[in-house]
Amino acid sequence: MNTIYNHRAVEEKWRKVWEEKPVNPKDESKPKYYCLDMFPYPSGAGLHVGHWRGYVISDVWSRYQLMHGKYVIHPMGWDAFGLPAENYAIKTGQHPSISTAANIKNIKRQVQQIGALYDWDMEINTTDPKYYKWTQWIFIQMFKHGLAYEKKMPLNWCPHCKAVLANEEAEGGVCERCGTPVTKKNLRQWMLKITSYADRLLEGLDDLDWPERVKKMQKDWIGRSYGAEVNFPLKNDPDKHITVFTTRPDTLYGATFMVLAPEHEMVKELTTPEQKAEVEAYCQAAANKSNVDRVQNKEKTGVWTGSYAIDPLNNAEVPIWVSDYVLADHGTGAIMCVPAHDQRDWDFAKKFGLKIIPVISPDGSDMSDMKEPYVEAKGKMINSGDWNGMDSDKLKSEAPDIIQKMGIGKRTVSYKLRDWVFSRQRYWGEPIPIIHCPHCGAVPVPEDQLPVVLPDVKSYEPTDTGESPLASMTDWVNTTCPVCGRPAKRETNTMPQWAGSSWYFLRYVDVHNDKELVSREKADKYLPVDMYIGGVEHAVLHLLYARFWTKFLHDIGVVDFDEPFKRLFNQGMILGPKGIKMSKSLGNVVSPDDMIRDFGCDALRMYELFIGPPEVDSAWDDRGIEGISRFLNKVYKLVVEESAKDVPETKELVRLRNQMIKTITTRLESFSLNTVVSGFMEYTNTFANIAKKGGVDKKTLEALTVLMAPFAPHLAEEMHEILGYKESVFKEQWPTWDEKLTEEEDVQMPVQINGKTKKVISLPKDVKKDDALAAAKEAIADKLTGNVVKEIFVPGRIINFVMK
RNA sequence: GCCGGCGUGGCGGAAUUGGCAGACGCGCAGGACUUAAAAUCCUGUGGUGGUGACAUCGUACCGGUUCGAUCCCGGUCGCCGGCACCA
């Protein structure tokens, strides 16, 4: 008999059944489980098989939870503000909302093909005014709490995107979107004070069930370092001083010069008339350099201001220099330089002939002939006045307090994290709900007037000046001040693409609420997210911003938790056939639509899992999916033919069934989804062989069907029905196993000589050591020719003879 | 440069706590069915030697610990990712 599985008919049939009778209806009597995908940007190119992977993983996990009696919250939405839609508008003159709606339609169709549990009543679109009303509301709360502020400063500017970038978007000195080297532009911008949450963002990581590498990336990005601020009085004006930040205040006696960033506010007043021309030229050149140039050229440059400061400990005169290796926005923008113990300071001192005084010696020797800086700087203090002879590690921890007591500085903490540049000079984003009044300053739009709807414009083109296209909409821009009623102007910048995604996970559980962003009752019942699945590329962008906003919303009482995502899983990418990233320009994009047509949704789901460990990148292989297709056929054939037979269960089948349930469940729990699939294949092969000899009992076929349900839901429903059930397979509880029944009576024991296996013998599982060794010796008697010096017996594992 | 991670057949990848390396799949080879092909099914498939049972080498490379190492330790090389003048 040739049984053939018709994937098209079966999948269509069950899709209809599920539509009429959802398998995961809202049920408040059950405990909730919130399993979230990172929602996609609805791009015009649609989804490729790589995008599918995370959605398949999350759906398997969701269905697995469902079969443990949970009500699963598994929503989907669209992160739809952003540059591609705007660029398309520039090219075609069509409003971005039109192309966005078309893209959403197509991608929604593709997402629905996954056959996932998504509850489309919860759908979100960040560009919907009903949604971004609350994005704007959050901004206003931040403004009211002093967390949103305006600042004019040199900012990362992408000349290609014609927009400012947050530090997180300008990693490595290039634009995160387009790779163009970032330059600086001095602009007024809206900032969010993420730095005031730095400690909580850092410490909150400890309790999260997240991949260690993501936690580490956030930790490094926040970059907390402990040290001291030290004040160096000016030689010519001892009432004034320069404050530096240092992590090594113990080396203060070795500070032989200081360096200010070119942007430091005191550069001008410190520059002497003789040095003025040179210093100004240097600062001008530094301002024009892109981040990439500044970082790539590590050859030290700099100029002397002509002034001196006084080392507050030993009253030595230290010349004040300007150099671009000091960053304006880290610490205080000024450093004390200890060339004997810092590579950069050493390079600078060597180049400009500055003094070098070693202050730490590993063994107490005088170090005066050092050929390179002693950077590890651990040992005894030398050349350090009162501190001489002290242990440097001990001094390092005590120095901040000593300095504080002396009144020349204080203990302090510094961070790499900067405040979040939150405004963009582009059209397709949430308008910032602020009105600028000449009399009242920046005033928030009253909450009852939200949302501030993004108006239609004629030209979407960004400008080189840093003005938003909205600035030309005079009708919209000109308004009245909500405080004093006099003429005022609207803020024309929009929010960055990360705004809508910083809180969307809260909205899903209460999408239709027009009174609050989420009701406290629903938030308490359904939030936070139990499992969050998505790519690792958001490790320091979206995930950091979302944590920040959640903590803020917690602080103002909107929600009662302050970490949004309890558990995080990062899936690896699916690469093109040769291990190259899939991209339209390379022409190596594999479409899920084609795969579903030829092999079916279940086959694609299982192949996406089988391709490799879910957290690792894997290369697509068109022929691999054929193997899955053969396997699904084999399972179907097994169930159809064996269920017709009415086979009694045997001891062997009971054991195999229990082993199978255990194997699949433990692999699934540890997220080893690729080996779950290979496990199904292996057991199916085993059962197919038993079927040929005698047959497979119904209970075993049922267990196999239920275990497969989260992976191949359509096929599992079909098989469940064939087995005689009227209700959905997802009404079944996840099967359990009896450990005793998994054990075999005999164990296969490898017998080794000097660690090399010579034979495998079968022994009763509770065999005694002496009996086992005797049996083993007999089995390999012909090879035991030498002197056996040691006999090793590990029950159930190994027998090894050490022979000389 | 600093900090992570990884390195296993022709390919994707398996291997509880240190205990039979290569599960499962792809590909390939041979066979069955067929007029033939496709599909399907069966058998084989790390290298070398041997007709064979078997021997021997083998988890990037060098060394160590151990009765026994893909797994632990030290070093080297390569690839990938993060940060990158952070004081």
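Protein chains get the first letters and strands the later ones, always in sequence-line order, with residue 1 at the start of each.
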Is a donor-acceptor contact shorter than 3.5 angstrom present between the side chain of A/K300 and the base of B/rC85? yes
Listed nucleotide nearest any side-chain atom of [X], set [options]:
X      : options                : result
A/T675 : B/rG12, B/rA14, B/rG19 : B/rA14
A/K790 : B/rC42, B/rA87, B/rC67 : B/rC67
A/P613 : B/rA14, B/rA87, B/rC26 : B/rA14
A/N800 : B/rC85, B/rG68, B/rA84 : B/rG68
A/R630 : B/rU40, B/rC57, B/rG12 : B/rU40

Given the 90°-from-0 boundary between syn and anti, B/rG47 should be labelled anti
Check your understanding: Using the P atom in both, what is the distance from B/rA60 to B/rC67, to the nearest Å?
Key -> 24 Å
When the P atoms of B/rG47 and B/rC41 are considered, how many whole Å apart are they?
25 Å
When you measure from the side-chain N and O atoms of [X] to the phosphate of [N], is any distance below 4.0 Å, counting only OP1 and OP2?
X      : N      : answer
A/K219 : B/rG82 : no
A/S225 : B/rA87 : yes
A/N754 : B/rG68 : no

key: Backbone of A/E743 reached by a side-chain donor or acceptor of A/R655 within 3.5 Å   = no
- Message: Categorize A/S678 for me: base, sugar-phosphate, or nothing, with a 4.0 angstrom heavy-atom threshold over every strand shown.
- Response: base
Pairing partner of B/rC20, by Watson-Crick or G-U wobble and under 3.5 Å for both distances, is none
In Watson-Crick or G-U wobble terms, with both distances under 3.5 Å, the base opposite B/rG52 is none
